[in-house]
Amino acid sequence: MTSPAPRVVILATGGTIAGAAASATDNVGYRAGQVGVEQLIAAVPALSAHRLEAEQVAQVDSSDMGETVWRALVARCEHHLQRADVQGLVITHGTDTLEETAWLLQRMLAPAKPVVLTAAMRPATSLAADGPQNLLDAVTVAQVQGAHGVVACVAGRVLSATDVQKVHSYRTDAFDAPDASPVARVVEGRVTVLRPWPQSDRASWPEGRAWPWVEIVTSHALARRDGIDAWVATGVQGLVVAGTGNGTVHEALRGALVDAEHRGVAIALASRCAAGPVLAGHRAGWRVYPGLNAVKSRVELGLELLGSAPQR
Ligand code: SIN
């Protein structure tokens, strides 16, 4: 007897891909996270050819992403990734914080199977919704032999958790990997792999531990230190500085950051530029997470503060 083909599990969390508007011509005045996962699947007849399982993990606008949903998502991913009959996972997610969730999952799971996030810029009720094609493509990517790690699949491109960034507020092709090429492309259901799948060390978020309080401060002209001082006075544990250019920081902020550090606040440096690394030179001894933008550095600093020992 042959064993049945492996499955793809779709974990739904909400977002515009599950959004609904009063009119099919309205692509902006909608509510995210309204349409259930079974209905999203039913809207794509081609998915009936795939062996799928679906689970509604949450139903949120990802701009409101919080600890409870992150915890639940990590736990459901861990559960399904352990199953021998599961080849890969697809996660439907809002576009707004997709890159942060992607990095969290890569670090928490470091999965040996593919975990493919997908999203849409237009609601499910739109005249020309982009979600159905993205969902079909993501399910296809989750079944690629040898695929592993966390990726995003949107508008026919597969971008690694390290590189993926939302770069446009309206276009359906809203994601890019500004400093890297895509991991793969999907054209008419065919996946062409272009470079290695993502991998990383695995971190942990111990049960019962609250996510550390980490804020992002942007350096800019006419910067003032008051905001940093207020955060420090109210117990912030970490600060990520989105510096100008190659991580330069306004002198008014530098003093406040040094004072914050003396009071035990962990400081990390990133760039507010849309692309490019922070190279040695302006770091003032602060940690830099290579290849990570400010929002992903914030996730990484949170994991560091949780005291996560890397586990291979
Ligand atoms: C969200 O991030 O949940 C809303 C916006 C979107 O998905 O495009």
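All values reported here derive from a predicted model rather than from experimental measurement. As the structure lists them, so they are numbered: ligands from 1, and atoms in each ligand from 1. Worth knowing before you read on, the calculation uses all heavy atoms, side chains too, and leaves out hydrogens, waters and symmetry mates.
- The hydrophobic cluster containing Val183 also includes Val8, Ile10, Val35, Val37, Leu40, Ile41, Val44, Leu47, Leu52, Val90, Val116, Leu135, Leu136, Val139, Val141, Val144, Val151, Val158, Val186, Val191, Val193, Trp197, under a criterion of side-chain heavy atoms closer than 4.5 Å among ILVMFWY residues, counted directly or through chains of members.
- Proximity annotation for atom 1 (C) of ligand 1: of Thr172, Asp61, Asp64, Val60, Asp61 comes nearest, heavy atoms only.
- Annotation for ligand 1: atoms under 4.0 Å from non-hydrogen atoms of Thr16 are 4 (C), 5 (C), 6 (C), 7 (O), 8 (O).
- Between Lys166 and ligand 1, not a single N/O pair is under 3.5 Å apart.
- Annotation: side chain of Val187 is not in contact with side chain of Arg190 (no heavy-atom distance under 4.5 Å).
- Considering backbone and side-chain N/O atoms, His93 never comes within less than 3.5 Å of an N/O atom of ligand 1.
- Taking Arg209 as the reference, nothing meets the side chain to side chain donor-acceptor pair (under 3.5 Å) condition, with sequence neighbours excluded.
- At a cut-off of 3.5 Å, with distance as the only test, no side-chain donor of Asp137 or Thr140 sits close to an acceptor on the other residue.
- For the pair Ser62 and ligand 1, the shortest N or O to N or O distance falls below 3.5 Å.
- The shell of residues lying under 4.0 angstrom from ligand 1, judged by heavy atoms, includes Ala120.
- We find that Asp226 and Arg224 are joined by a salt bridge, their nearest charged nitrogen and carboxylate oxygen being less than 4.0 Å apart.
- Nearest non-hydrogen protein atom to atom 8 (O) of ligand 1 is Thr95 OG1, 2.5 Å.
- Taking 4.5 Å as the limit, some side-chain heavy atom of Arg272 sits within range of a side-chain heavy atom of His220.
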